[in-house]
**Q** 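Take this structure, written in structure tokens, and hold onto it; I'll ask about it next.
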Amino acid sequence: MIQTSAPGKLMLFGDHAVVYGYPCIVAAINKRISVVIEKTEHNEITILTPGNDNHAFVQKTLSYCSDLWNIPKNIVITITSEFTGKYGFGSSSAVVVALVRALAEMVDVSISPRELFDGALRIVLDVQQGVGSGFDVAAACFGGTIVYQNKGAVIDEISLPSCCWVVGYTGVKANTVAMVQKVSELRAKEPATVDRICRLIGEDVLRARECMRVGDCKSLGEIMDSHHRYLQELGVSSDRLDTLVRAAKQGGALGAKLSGAGGGDCMIALVSEDSKISVEKAIQDAGGEVVSVSFHEQGVRRDL
Ligand code: MEV
């Protein structure tokens with residue numbers, strides 16, 4: 001039996017602008033997707049994904065790896081998750097990364113994290129018809145906290161200061177592809193506006209990187225607030241996200257923003273140890289679900 005796992009992710013800075021070549025900062029989280037491959041007597045590949053019938057990413061991964069390696073037919077692949085797809089934690093990318101690694105282990109091929117990233121990115125972009133920056137694939141492969149840019153041309157591991165984060169789920173599942181298309185349509189109509197906002201988001205990312213390096217959580221919080229305003233201007237926030245971000249700020253957060261595609265999914269708040277409980281309560285009182293998550297976790301690995 002082979003068992004691998006890869007982490008989900010949360011985008012800290014750079015949402016949407018990363019699609020246009022600007023950097024982003026992403027953290028791998030402590031919620032993982034696990035892949036188990038076992039031999040069976042039946043001469044067919046069986047895929048079990050309890051609670052999820054969308055096999056598109058698994059099928060594409062299998063066909064990609066079968067072109068490279070001699071994948072045996074008599075296997076059962078079971079995929080389980082420590083989080084539901086609804087949060088926007090990057091389950092599809094984590095599945096692809098964990099499965100490529102498991103199949104490589106099965107055929108005894110040693111594959112470097114970079115090779116794994118390049119292959120998994122191709123698979124994910126194929127299924128998503130080219131939409132996406134691939135930052136979630138990088139988080140699943142490399143783990144930790146990463147500055148990511150230009151489809152993997154930059155993947156810099158950075159340290160995460162010891163600030164506290166609170167994650168709030170809006171209760172609404174975001175459609176990433178639709179949100180990316182929405183920004184792209186706005187860009188076709190108002191290129192100067194979108195390019196200006198993306199440039200400002202990119203500048204925020206560089207400032208955030210420096211604040212993280214020196215552990216300046218107060219300034220990091222201010223950057224989160226300005227980031228959220230830029231994302232509102234791009235039209236990707238929602239009433240639910242704005243409500244939770246406002247509640248977090250009123251509860252004492254140093255800063256708060258939506259995380260990822262927008263339109264739903266999660267927001268994140270940066271908090272001091274003293275304000276963590278009041279921010280969590282404020283998010284819950286505003287109708288959000290607090291999701292307990294820690295950042296800077298290990299990338300893909302073999303577990304068994
Ligand atoms: C979605 O989680 C983040 C976006 O920047 C898209 C992407 O980078 O693939 C909106």
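Start at 1 and go down the list; that is how both ligands and their atoms are numbered.
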**Q** Check Met179 against ligand 1 and report side chain, backbone, both or neither, counting heavy atoms closer than 4.0 Å.
**A** neither

**Q** Could you tell me which atoms of ligand 1, counted from 1 in the order shown, lie closer than 4.0 angstrom to a heavy atom of Val18?
**A** 5 (O), 8 (O)

**Q** Any idea which atoms of ligand 1 are less than 4.0 Å away from a heavy-atom of Gly132?
**A** 9 (O)

**Q** For atom 9 (O) of ligand 1, which of Ser93, Ala174, Ser133 has the closest heavy atom?
**A** Ser133

**Q** Among Ile, Leu, Val, Met, Phe, Trp and Tyr joined by side-chain contacts under 4.5 Å, find the other residues sharing a cluster with Leu206 and list them by chain and number.
**A** none

**Q** Would a line drawn from the ring center of Tyr87 to the ring center of Tyr169 be shorter than 6.0 Å?
**A** yes

**Q** Under 3.5 Å, is there a donor-acceptor pair linking the side chains of Asp265 and Ser259?
**A** no

**Q** Does NZ in Lys173 sit with more than 12 non-hydrogen atoms of other residues, nucleotides or ligands closer than 6.0 Å?
**A** yes

**Q** Look at atom 5 (O) of ligand 1 and say which protein heavy atom is nearest, naming residue and atom and giving the distance to 0.1 Å.
**A** His16 N, 2.9 Å

**Q** Has Glu190 got a side-chain atom pairing as donor or acceptor with Thr193's backbone, closer than 3.5 angstrom?
**A** no

**Q** For ligand 1, indicate whether the residue Asp136 contacts it via side chain, backbone, both or neither (heavy-atom separation under 4.0 Å).
**A** neither

**Q** Identify the protein heavy atom lying closest to atom 1 (C) of ligand 1, giving its residue, its atom name and the separation to 0.1 Å.
**A** Ala261 N, 3.5 Å

**Q** May I ask whether Lys9 has any heavy atom positioned less than 4.0 angstrom from an atom of ligand 1?
**A** yes

**Q** Counting only heavy atoms not in Ile277, do more than 12 fall under 6.0 Å of its CD1?
**A** no

**Q** Give me the nearest non-hydrogen protein atom to atom 3 (C) of ligand 1 as residue plus atom name, then the distance to 0.1 Å.
**A** Phe135 CE2, 3.6 Å

**Q** Any sub-3.5 Å donor-acceptor pair from Arg229's side-chain atoms to Met224's backbone N or O?
**A** no

